[in-house]
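One structure is given here, and the rest of the page talks about it.
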Amino acid sequence: MGVNIYWIIVALVIILGLILPQEGKEKKIYIFIMAVVHIFVCGWRYIYLTGDLRRYAWGYYTFKDKEWFDESVWGNGTNVGFRWLCKIVSMLTDGDFHIFLIVLAIFTQVAVAVLIYRYSPKPWVSYLVWNCMSFYITYDFSALKQGLAMAILMYAMIAIFENKKIPFVLIVLLAGTIHAPALVFLPAYLIANTKITDKSIIAYIISIVTVFIFKEQIASWGTDAYYADERINVVGSISLGGRFFVIVLIVLCGILLKGFRERRFEMLCNFMIVAATIQIFAGYSNVFTRFSDYYLQFAILFVPMIFYRADETVPINEDANLPPFLFDVDSLKFFVIVLTGILIWWYHVTCLSVEIEQKQDDFLNYRFQWEVEDDSYGAIEKETETVTDGEF
C-alpha cells in the first residue's frame, strides 16, 4: 500500500464528510466510520513498521515472564504504567504483539471519536487536522507511549470542558504513568480558565519573549528533568522553524475570524498559545515538539471552531467583543476550501514526502500485517539487542 494508504484516508475524510451528516446525532454515523477506518489501518499495520515498534516489541516480548518489580519492568518508576500495561496484555495474549497494537488502536481512536463527537462543530475538518498535522501517523503509528498518553488526555479535556477538577487531575496523573512528559498538561485546567483579554494577550507576549531570552536555560532544565538520557546541545541560537509560525497563524486566524464569545474556543486558544511557546525550543530537539503536541493536539477542535458556529448548548462569554472581521457563511466556506488545500499541502511537505534516513523507520512503506511473510522475533531481537530499558 505504501504511502497511498495515507492519502486514501484523507480522501475518505473529505468525501464522506461532504456526503454524510455533520451535525446533530446523525453525525455519529460519519464519526463511527472514521473511527473504524483509523482503527483498521493502524491496528492491522505491519507490527514492526518502524524502529520504535521494534523497540516496543522487544519490551513486550520480554516482560511477559518477568516479575512486576523486576528492574527491566519497573525501571525507576518512570512510565511504569505503560510497562505494566505491556506486561498485562502480553500475559493475556501469550505475547502476541499484534493484539497489543490492535488494543491500543481501538483505545486511541475511540478517544479521538468521543472528543470530536462531543465538541467538534464539523467532524470532517477535525479528522482532516488529525491526519494532515500528522498526529495520527506520528503517535498512533509509532510513538506508542505518547500516543496512548495523548488519548488519555482527551478525556482530561472533557473534564476541563465539564468543570470537573478532580477527574482532570486523576486523568493527567494516569497519563503521566504512561509517558512522564504528559505531566506538562497539569497546569492545563488553570490555563484553560484564563480569560483572554487585552491584558492577558500582553502577558502572553511578554512570556513568549521572556521564554525566548532564557530558552537555553529552560531547554537544559527540561531535558534533564524528562529525558536524562537525551544528549542535547542547548548552546547558541536556534531557528523557530515553520511549525511555530503555523501555530501562531492558526491563533491569529482564530482571533481575527472568531473572537472569544464561545467559551470553549477561548479555552482552546490558550492551549494553542502554550503550544507555540513550547515549540520555541523545538530547534534544540524534537522532544520539545512532543511537549508542545500535548496541547496542540486539540487543534482538532480549535481549527473547525474558527470557521463554524457552535450550537446553542455551548457556553457563551456575553461580555466578549465580536471578532474584528465578520464574514458570511459563503465566505467562511471559501476559507474552509483554502484551509483544506493548505492542510493537504502541509501533509505532503512535512510528512508524506520526507526523506527517511533510517530504513527501519520508513513509515511511508506502509504494509498490512498479512502482506509481510517474515516477521519472526529472532530478526527483531537481533535488531534491538542494543536497546536499553530507558529507551523503552
Side-chain angles (χ1 to χ4, degrees), residues 115-116 118-121 126 129 133 135 150 152-165 167-169 171-172 175 181-212 218 222 240 243-282 288-310 314-324:
L115 190 72
I116 291 175
R118 293 187 64 164
Y119 304 110
S120 175
S126 291
V129 172
M133 293 189 72
F135 297 119
M150 288 171 69
I152 292 173
L153 290 184
M154 290 186 177
Y155 293 102
M157 188 72 247
I158 293 175
I160 290 176
F161 284 152
E162 304 301 325
N163 296 317
K164 297 179 179 179
K165 297 179 183 178
F168 165 80
V169 173
I171 293 169
V172 175
L183 296 176
V184 75
F185 203 69
L186 269 176
Y189 198 97
L190 294 176
I191 293 171
N193 285 285
T194 299
K195 290 284 188 178
I196 296 183
T197 62
D198 293 341
K199 290 183 179 179
S200 64
I201 291 176
I202 293 173
Y204 273 131
I205 294 173
I206 293 174
S207 298
I208 291 173
V209 172
T210 303
V211 165
F212 187 79
I218 298 173
L240 294 178
R243 200 168 181 264
F244 170 83
F245 294 107
V246 167
I247 301 172
V248 171
L249 180 61
I250 291 173
V251 172
L252 289 176
C253 286
I255 294 174
L256 297 176
L257 301 180
K258 184 75 171 186
F260 303 113
R261 289 186 63 81
E262 293 180 15
R263 183 70 187 99
R264 290 170 185 164
F265 182 81
E266 183 181 41
M267 291 177 169
L268 292 168
C269 189
N270 283 309
F271 285 2
M272 297 303 104
I273 295 172
V274 171
T277 304
I278 299 174
Q279 189 65 28
I280 290 174
F281 304 104
F288 292 102
T289 294
R290 294 195 171 201
F291 279 105
S292 174
D293 281 344
Y294 275 116
Y295 286 90
L296 186 60
Q297 68 167 331
F298 297 107
I300 65 173
L301 299 180
F302 184 77
V303 172
M305 284 182 182
I306 295 175
F307 304 98
Y308 296 95
R309 295 182 177 88
V314 174
I316 299 296
N317 293 319
E318 298 292 347
D319 57 344
N321 294 327
L322 293 173

Partner of F265 by ring pair (Phe, Tyr, Trp, His ring centres under 6.0 Å), out of Y119, Y308, F302: F302
Y295 (side chain) donor-acceptor with V184 (main chain) under 3.5 angstrom: yes
Spacing of I280 atom CD1 and I247 atom CD1 [to the nearest 0.5 Å]: 10.0 Å
I191 CD1 to C269 SG distance, which is reported to the nearest 0.5 Å: 12.5 Å
Closest non-hydrogen atom pair, A192 against N270: O-ND2, 3.6 Å
Distance (rounded to the nearest 0.5 Å) between T194 OG1 and M267 CE: 10.0 Å
Residue pair S292 / A275: nearest heavy atoms and the distance that separates them: OG-O, 2.9 Å
Minimum-distance pair of heavy atoms, taken over all atoms of C253 and I306: O-CG2, 4.0 Å
Evaluation steps, side chain to side chain contact (heavy atoms under 4.5 Å, CB included), between L268 and M157: CA-CA 10 Å; L268 292 168; M157 188 72 247; 4.2 Å; yes
Contact summary for F307 and V303, nearest pair of heavy atoms: CD1-O, 3.3 Å
Step-by-step side chain to side chain contact (heavy atoms under 4.5 Å, CB included) determination, T277 to S207: CA-CA 8 Å; T277 304; S207 298; 6.0 Å; no
Closest heavy-atom pair and its distance - I116, S126: CD1-CB, 3.7 Å
Over all atoms of both residues, closest heavy-atom pair of I171 and I152: CG2-O, 3.3 Å
Min side-chain heavy-atom separation F260-I255 under 4.5 Å: yes
Evaluation steps, side chain to side chain contact (heavy atoms under 4.5 Å, CB included), between R264 and L301: CA-CA 9 Å; R264 290 170 185 164; L301 299 180; over 6 Å; no
Gap separating the NZ atom of K199 from the OH atom of Y204, nearest 0.5 angstrom: 16.0 Å
Check: Y189 and N193 side chains under 4.5 Å, non-hydrogen atoms: yes
CE on M272 to CG on L296, rounded to 0.5 Å: 5.5 Å
Worked verdict on R263 versus K195 for side chain to side chain contact (heavy atoms under 4.5 Å, CB included): CA-CA 9 Å; R263 183 70 187 99; K195 290 284 188 178; 4.1 Å; yes
Geometric class of the F298/F271 ring pair [parallel <30°, tilted 30-60°, perpendicular >60°]: tilted
Expected output: side-chain Q297 to main-chain F135 donor-acceptor under 3.5 Å: no
L153 CG to F168 CZ distance, which is reported to the nearest 0.5 Å: 8.0 Å
